[in-house]
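Notes to accompany the following structure.
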Protein chains: 2
Amino acid sequence: MTQKQEQLSKNQQIVLSIIEKAKGPLKAYSILYNVQKRGIKAPLQVYRALDKLIEIGKIHKIESKNAFIACNNSECEISKATAFSICNNCEHVKEIKNTKLSKYLSNFQDNSGMKYKKYNLEFFGLCKNCKLKQ
Amino acid sequence: MTQKQEQLSKNQQIVLSIIEKAKGPLKAYSILYNVQKRGIKAPLQVYRALDKLIEIGKIHKIESKNAFIACNNSECEISKATAFSICNNCEHVKEIKNTKLSKYLSNFQDNSGMKYKKYNLEFFGLCKNCKLKQ
DNA sequence: CCTTAATTTGTTATAATATAACGTTTGTTA
DNA sequence: TAACAAACGTTATATTATAACAAATTAAGG
């Protein structure tokens, strides 16, 4: 009966729910501000929850923004293969689901002989909305 | 006679030379420490040089490490298309030169209709050396 | 049920990374 | 040489992230 695995602790649940409700990536200290009513007082409590949530693939870190976004992709095998599109104007971020892309990158090998176990890809440009407004 | 363009300022030259001599990516404050003999005293002086060097494509930022590495790729059009391989064990970082990959990614389009002007890709795994030692 | 190990928590302090704001100096161009 | 842009120097401060330690909570096995 050992199911476990998906059982999150209290702080982890709180942090995850904030991130899932958000429309875009959240910064750690903005999360902190948002959860202070619920008893989380210190940065470390947030960072610890974030670390765990990343580890189990519930969220991803957008490295170029130091911000965190909920995983949108049931097929992303525990954060081993992530790709995002980022609008340079409105800062909208979206996780890219694209089987061809992920297969291409997961199988990619260069001449170094190194086999990659994980990748993170960030695309930048103007989203549809922002392109129209230009 | 207006050549310009490639003329770097004093601080920019100092910072670039440190990064080019390094065997791997350098952190901003480690650069600062290294250049204090040469008259650069404050973080901002380093960050300003770094910003400029990134802008003109002489160096890249390794986002997952907050570190900076010299550009190794004459074909990378002013940092619009970057890919790196990063060893999880020894932290060795190398810029990937691969025409197929860069073409594939530069031409990539997903169903959002967004056309991407820039990307940054980071691969993680074990380099040859570290794989042998395991 | 009890205990032991692992995980999570709470808390304080501090490290590491990065930018704001200001006035000055240098370089480029007309 | 005037005028504008770029780079500089400096102080202060914002932002992001981790160290260290003790207490509380939560599996899981005997």
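A salt bridge links A:Lys65 to A:Glu91: one of the charged nitrogens lies within less than 4.0 Å of a carboxylate oxygen.
As rounded to whole Å, 14 Å separates atom P of D:dA7 from atom CG of B:Leu16. If you take CD of A:Gln13 and C1' of C:dT9, they are 14 Å apart, rounded to a whole angstrom. The distance between atom NZ of B:Lys65 and atom P of D:dT18, rounded to the nearest whole Å, is 12 Å. Atom CD in A:Gln7 sits about 11 Å away from atom P in C:dT8, given to the nearest Å. Per the geometry, CD belonging to A:Gln12 stands 18 Å off P belonging to C:dA6, to the nearest Å.
Atom NZ of B:Lys94 has 12 or fewer heavy atoms from other residues, nucleotides or ligands within 6.0 Å.
When the side-chain nitrogen and oxygen atoms of A:Ser9 are compared with OP1 and OP2 of C:dT9, one or more of them lie within a distance under 4.0 Å. Between A:Asn66 and the phosphate of C:dT17, there is no side-chain N or O to OP1/OP2 separation shorter than 4.0 Å. The shortest distance between the side-chain N/O atoms of B:Asn11 and the OP1/OP2 oxygens of D:dC8 is below 4.0 Å.
B:Lys21 contributes no side-chain N or O that, together with a main-chain N or O of B:Leu16, makes up a donor-acceptor pair within less than 3.5 Å.
Residues of residues 20-51 of chain A that place a heavy atom closer than 4.0 Å to DNA chain C, in numerical order, are A:Lys41, A:Ala42, A:Leu44, A:Gln45, A:Arg48.
Between the side chains of A:Glu122 and A:Ser64, a donor-acceptor pair is found at a separation under 3.5 Å. There is no side-chain donor-acceptor pair under 3.5 Å between A:Ser9 and A:Asn11.
At a threshold of 4.0 angstrom between heavy atoms, the contacts of B:Lys61 are confined to the sugar-phosphate backbone, with no base atom among them.
Clustering ILVMFWY residues whenever any of their side-chain heavy atoms sit less than 4.5 angstrom apart, transitively, puts B:Ile31 in a cluster other than the one holding B:Tyr33.
Using the Watson-Crick or G-U wobble rule with both distances under 3.5 Å, C:dT4 pairs with D:dA27.
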